[in-house]
Amino acid sequence: MKKLLKLSLFATLATTAISAQAEEKFITIGTGGQTGVYYVVGQSICQLVNRDTAKTQVKCNAPSTGGSVANLNSIAAKQMDMGIAQSDWQFHAYNGSSSFEGKKNDKLRAIFSIHPEPFTVMARTDAKIASFDDLKGKRVNVGDPGSGTRATMNVILNAKGWTDKEFKVASELKPSEMASVMCDNNLDAITYNVGHPNGALKEAAASCDAHLVPVTGEAIDKLVAENSYYAKATIPGGLYKGTDNPVESFGVYATLVTSTDVEADKVYAVVKAVFDNFDRFKRLHPAFENLKAEDMVKNALSAPLHEGAERYYKEKGWIK
Ligand code: GLU
């Protein structure tokens with residue numbers, strides 16, 4: 001009898017141990033197209049998180065998605081735990097403004113901001129496009145539906161009193177497709193709200209005669225003056241074949257966001273993995289080179305910080 005009892009006690013303990021071990025927590029981070037920087041951000045974060053899975057039980061994956069707007073919608077629908085989103089669309093999703101009118105997400109929470117993303121236009125040299133206004137009557141890729149690029153392009157068009165009709169063609173190709181379509185001479189220009197250097201733009205500049213086009217003028221000045229999430233931005237020269245000099249534009253920041261529905265321990269595991277290994281993280285893409293932790297936890301965030309992120313930043317003394 002005694003032996004039996006011991007045996008069953010052992011069995012119970014063993015089952016408990018197994019189920020504790022099996023209690024893995026999964027995190028999904030929405031990124032962007034595979035030729036963008038968001039995809040690299042997501043893969044880099046998950047690589048660092050997954051190095052600690054044995055300790056934290058947290059497993060991370062970062063699939064390719066349509067981009068900012070798609071990620072914000074997936075977080076609101078609880079289909080994804082986290083996502084990368086432009087700071088302008090983080091603002092609108094949290095406040096229920098612009099294209100998020102009627103879709104205000106009170107549960108949206110910020111984790112940190114990442115690299116700057118200037119609104120970028122690249123045009124074929126033979127299309128003779130020297131400014132944004134020269135895009136009138138041209139064949140232009142205005143951005144993938146669900147992308148922050150497409151959404152911000154709409155803001156620019158609105159500010160100028162334009163619509164898609166101003167273009168001869170307004171295509172909505174994915175970033176991974178647009179370079180080859182332009183170089184096959186089926187488009188005059190492509191647009192991408194993205195960190196630099198970027199693979200899709202490099203591919204275009206290397207495959208056909210093309211250059212970056214400045215995004216400046218009165219309408220842009222007004223957008224920057226009236227909205228705190230926009231700022232003037234300069235794309236350095238020498239990053240892309242055909243563009244040796246710096247090019248003026250305006251832009252936003254990439255940010256990592258989540259929801260109050262996501263438990264604090266998961267968010268804590270993500271920020272700890274990134275900032276405990278920050279030098280390693282910064283080496284994973286040239287767009288991360290100049291990142292500073294203290295700025296990332298404060299700048300370009302309009303939703304409140306998630307409590308899991310706040311816990312780590314307080315421990316570090318980065319916030320009070
Ligand atoms: N900013 C773009 C968007 O929100 C994505 C850029 C990237 O994938 O790096 O859709």
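Values in this document were obtained by computation on a predicted structure and should not be read as measured data.
A salt bridge links Glu226 with Lys222: the distance from a Lys NZ or Arg NE/NH1/NH2 to an Asp or Glu carboxylate oxygen falls below 4.0 Å. A salt bridge links Asp164 with Arg150: the distance from a Lys NZ or Arg NE/NH1/NH2 to an Asp or Glu carboxylate oxygen falls below 4.0 Å. A salt bridge links Lys107 and Asp261; the closest N-O separation between the charged side-chain nitrogens and carboxylate oxygens is under 4.0 Å.
Between Val155 and Tyr230, the closest side-chain pair of non-hydrogen atoms falls below 4.5 Å. Side chains of Val257 and Phe112 form no contact here, defined as non-hydrogen atoms less than 4.5 Å apart. Side-chain contact between Phe100 and Tyr94 is absent, with no heavy-atom pair separated by less than 4.5 Å. Between Pro197 and Lys202, the closest side-chain pair of non-hydrogen atoms falls below 4.5 Å. Contact of the Gln34 side chain with the Lys174 side chain is not registered, since no non-hydrogen atoms from C-beta on lie closer than 4.5 Å. The side-chain heavy atoms of Asp81 and Lys266, taken from C-beta on, include a pair separated by under 4.5 Å.
Legend: salt bridge (Lys or Arg N to Asp or Glu O under 4.0 Å) pairs involving residues 278-287, not counting sequence neighbours: none detected. For residues 43-52, the pairs satisfying salt bridge (Lys or Arg N to Asp or Glu O under 4.0 Å) are Asp52-Lys55, with sequence neighbours left out. Pairs passing the salt bridge (Lys or Arg N to Asp or Glu O under 4.0 Å) check and including a residue from residues 88-103, sequence neighbours excluded, do not occur. Residue pairs satisfying the disulfide (SG to SG under 2.5 Å) criterion with at least one member in residues 65-137, sequence neighbours excluded, are absent. Judged as a disulfide (SG to SG under 2.5 Å), the pairs with a partner in residues 56-138 (not counting sequence neighbours) are, in order, Cys46-Cys60. Evaluation of the salt bridge (Lys or Arg N to Asp or Glu O under 4.0 Å) test over residues 122-140, restricted to residues two or more places apart or in two chains, returns Arg124-Asp126, Asp133-Lys160, Arg139-Asp188. Within the structure, the disulfide (SG to SG under 2.5 Å) test picks out no pair touching residues 273-320 (sequence neighbours left out). For the disulfide (SG to SG under 2.5 Å) condition, the pairs that include at least one residue of residues 105-206, sequence neighbours left out, are Cys183-Cys208.
In this structure, CG on Leu173 lies 9.0 Å from CE on Met178, to the nearest 0.5 angstrom. Taking OG of Ser176 as the reference point, atom CD of Glu203 lies at 9.0 Å (rounded to 0.5 Å).
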Would you mind writing out the side-chain donor-acceptor pairs for residues 285-305 within the sub-3.5 Å range, not counting sequence neighbours?
| residue | atom | partner | partner atom | Å |
| --- | --- | --- | --- | --- |
| His285 | ND1 | Ala287 | N | 2.9 |
| Lys298 | NZ | Trp318 | O | 3.3 |
| Ser302 | OG | Phe91 | N | 3.4 |

Show me the donor-acceptor pairs, under 3.5 Å and distance only, between side chains in residues 62-72 and residues at least two apart or in other chains.
| residue | atom | partner | partner atom | Å |
| --- | --- | --- | --- | --- |
| Ser64 | OG | Gly32 | O | 3.0 |
| Thr65 | OG1 | Thr31 | O | 2.9 |
| Thr65 | OG1 | Gly67 | N | 3.1 |
| Thr65 | OG1 | Asn71 | OD1 | 2.8 |
| Ser68 | OG | Gln86 | N | 2.9 |
| Asn71 | ND2 | Gly30 | O | 3.2 |
| Asn71 | ND2 | Thr31 | O | 2.7 |
| Asn71 | ND2 | Gly67 | O | 3.3 |
| Asn71 | ND2 | Ile84 | O | 2.8 |

Distance-only donor-acceptor hits, side chain of residues 231-255, under 3.5 Å, sequence neighbours excluded:
| residue | atom | partner | partner atom | Å |
| --- | --- | --- | --- | --- |
| Lys232 | NZ | Asp221 | OD1 | 2.9 |
| Thr234 | OG1 | Glu248 | OE1 | 3.2 |
| Tyr240 | OH | His196 | ND1 | 2.6 |
| Tyr240 | OH | Asn198 | N | 2.8 |
| Thr243 | OG1 | Leu212 | N | 3.0 |
| Ser249 | OG | Phe119 | O | 2.6 |
| Thr255 | OG1 | Ala85 | O | 2.7 |
| Thr255 | OG1 | Gln90 | NE2 | 2.9 |

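Cluster membership for Ile129 and Tyr192, using ILVMFWY side-chain heavy atoms within less than 4.5 angstrom, is not shared. Under a hydrophobic-cluster definition in which Ile, Leu, Val, Met, Phe, Trp and Tyr are linked whenever side-chain heavy atoms come within less than 4.5 Å, directly or via other members, Tyr39 and Leu48 are assigned to different clusters. Val140 and Leu187 fall into different hydrophobic clusters, where Ile, Leu, Val, Met, Phe, Trp and Tyr residues are linked whenever their side-chain heavy atoms come under 4.5 Å apart, directly or through other members. In terms of hydrophobic clustering, with Ile, Leu, Val, Met, Phe, Trp and Tyr side chains grouped at heavy-atom distances under 4.5 Å, Val271 and Ile45 are assigned to a common cluster.
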* To do: Would you sort out whether Ile190 and Val121 count as a side-chain contact (heavy atoms from CB on, under 4.5 Å), showing the intermediate values?
  => CA-CA 6 Å; Ile190 55 181; Val121 176; over 6 Å; no
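For His92, the ring-ring contact (aromatic ring centres under 6.0 Å, His included) partners at least two apart in sequence or on another chain are Trp89, Tyr229.
In summary, the side chains of Glu315 and Tyr268 do present a donor paired with an acceptor at a separation below 3.5 Å, with no hydrogens or angles considered.
At least one donor-acceptor pair under 3.5 Å links the side chain of Thr163 to the backbone N or O of Lys165.
Under a cut-off of 6.0 angstrom, the local environment of NZ in Lys59 is sparse, with at most 12 non-hydrogen atoms contributed by other residues, nucleotides or ligands.
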